[in-house]
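In the text below, chain A, chain B and the rest are named by the order of the sequence lines, each starting its count at 1.
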Number of protein chains: 2
Amino acid sequence: MITKVLIAEDHESANISVQKTLEELVIINTAYAYYCDDALNKITQAVKAESSFDLLITDLYFEPDGYKQILSGGMDLITAVRKVQPDLKILVFSAENRPATIDQLYSNYDIDGFVRKARHDARELKEAINEIAQHRRYFPRHIKQLIDKKNVYSFSDFDLTIITLLAQGMLQKDIPAHLQNHGIKPSGLSSVEKRLNQIKDALGFTKNEQLVAHCKDLGAI
Amino acid sequence: MITKVLIAEDHESANISVQKTLEELVIINTAYAYYCDDALNKITQAVKAESSFDLLITDLYFEPDGYKQILSGGMDLITAVRKVQPDLKILVFSAENRPATIDQLYSNYDIDGFVRKARHDARELKEAINEIAQHRRYFPRHIKQLIDKKNVYSFSDFDLTIITLLAQGMLQKDIPAHLQNHGIKPSGLSSVEKRLNQIKDALGFTKNEQLVAHCKDLGAI
DNA sequence: CAGCACTTTACGGTTTCCCATAAAAAAAGG
DNA sequence: CCTTTTTTTATGGGAAACCGTAAAGTGCTG
């Protein structure tokens, strides 16, 4: 049963609508944080006072506004919270739609649910909370589709290193030297070329610009 | 005095919070549209019934979801609405933060106010509505700052056409033919090269890959 | 219409990228 | 330890991109 919820969300309006959605689920014991640091603080205090939260609903991106913050965003917050209260359920509520990021939330951050800020988000929020209350993870169908789509090609660290360097403006011919300096092997120019060709071939691309655009869309770089 | 308001917003949660904000301003005669076409329709009907709206609060971007729509977004909606009811006040409520776009809304679309979905957006929404009720335009300070910031390069349609083609994998040398086929001029290869060089120079870039990555980050392509 | 300023296009040389092939190195297997 | 296989690196020719300059085109003005 979920009775005590913390909302971490910098947008006042989004915060309001989550609050209202919770009201409709008859969850009245709610707290609000407009900064990640404050959210972590509230969770820590609640644990100390032995009245810990059951659920954290958090955004991913918090806009800086002059007040110095230690935690830079939702991902940081999740990592920090896990250390304080490992059993806290976490539901991410964000406009994020890049498959790689959402996938990462499930696999690496082990969150309990993800609801994208989109057309029927309020309804989905209710469904998600109900699912999580029954100790199930919430995995909307269209999110699953997004993640599955991503599997057209899985980039290795080596791939992403090369593509990132290209996206930063490094000349292809200068990449081998950079790889050597960082102890990455293989480092030969031919190896770089070969790798890029294999990726582009697998994705049906012809030019590096296309590959960079694709990785940006995926949020891989 | 503003008494009758239409909210055009596809996100259910955002719609809810706007509604709640209006309630707090004791504006109870509100209607909701989750699609631009529906919004235009409601406005047209209201004009016909001689009970027209005083204010339209609209988002800029509406996500397609299968239902075919004529109007593709907030800008289209504003243009269409002006023809039906020129005196309707228009307040844009969007996460848009690109100075060029916001500037365009004021100068070309002649909107009455803009509130960015951000930290204190609900409070700003109230302020904006109060200002507009007194026939003033609402121009928050930080928005002005954004527009004044000139450290952002503003891409022309021509620029974006070229960059988009590159991002789609077209060879630079094949772009002139494509431009000619689409009646875009200039179309010479040298003009394309010159333009790309000017952009890259202005942004301190050296390679096309870098430029594509930057445009993807900006959401310009 | 001539003159001028400016834009667009055309062209040639250089660099970088692309691609195929071969040599060298490393890994695998007996 | 030697052979086989695979991976990595080196090399060279050709295509594309890059860069400067000259020519052609366009628009404005007197």
inquiry  = Going 5' to 3' along DNA chain C, between which two nucleotides do contacts with chain B fall, using a heavy-atom cut-off of 4.0 Å?
reply    = dT8(C) to dC17(C)

Per-nucleotide protein contact string for nucleotides 9-20 of chain D (B base, S sugar-phosphate only, - none; heavy atom under 4.0 Å) = BBB----SSBB-

task = For Tyr61(B) and Glu96(B), test the side chains for any donor-to-acceptor distance below 3.5 angstrom and give the result as yes or no.
result = yes

ring-ring contact (aromatic ring centres under 6.0 Å, His included) contacts in which one or both residues fall within residues 70-92 of chain A, not counting sequence neighbours = none

request  = Quick one: list whatever passes ring pair (Phe, Tyr, Trp, His ring centres under 6.0 Å) with Phe155(A), sequence neighbours left out.
outcome  = Tyr153(A)

request  = To the nearest 0.5 Å, tell me how far Ile163(B) CD1 sits from Gln168(B) CD.
outcome  = 12.0 Å

Determine all donor-acceptor pairs shorter than 3.5 Å in which one atom belongs to a side chain in residues 175-190 of chain A; sequence neighbours excluded.
unit_1	atom_1	unit_2	atom_2	d
Asn181(A)	ND2	Ala177(A)	O	3.4
His182(A)	ND1	His178(A)	O	2.9

ask   = With a 4.5 Å heavy-atom cut-off, do Leu125(A) and Lys117(A) have their side chains touching?
value = no

task = Using the ring-ring contact (aromatic ring centres under 6.0 Å, His included) rule, collect all pairs that involve residues 189-208 of chain B, keeping only residues at least two apart or in two chains.
result = Phe205(B)-His214(B)

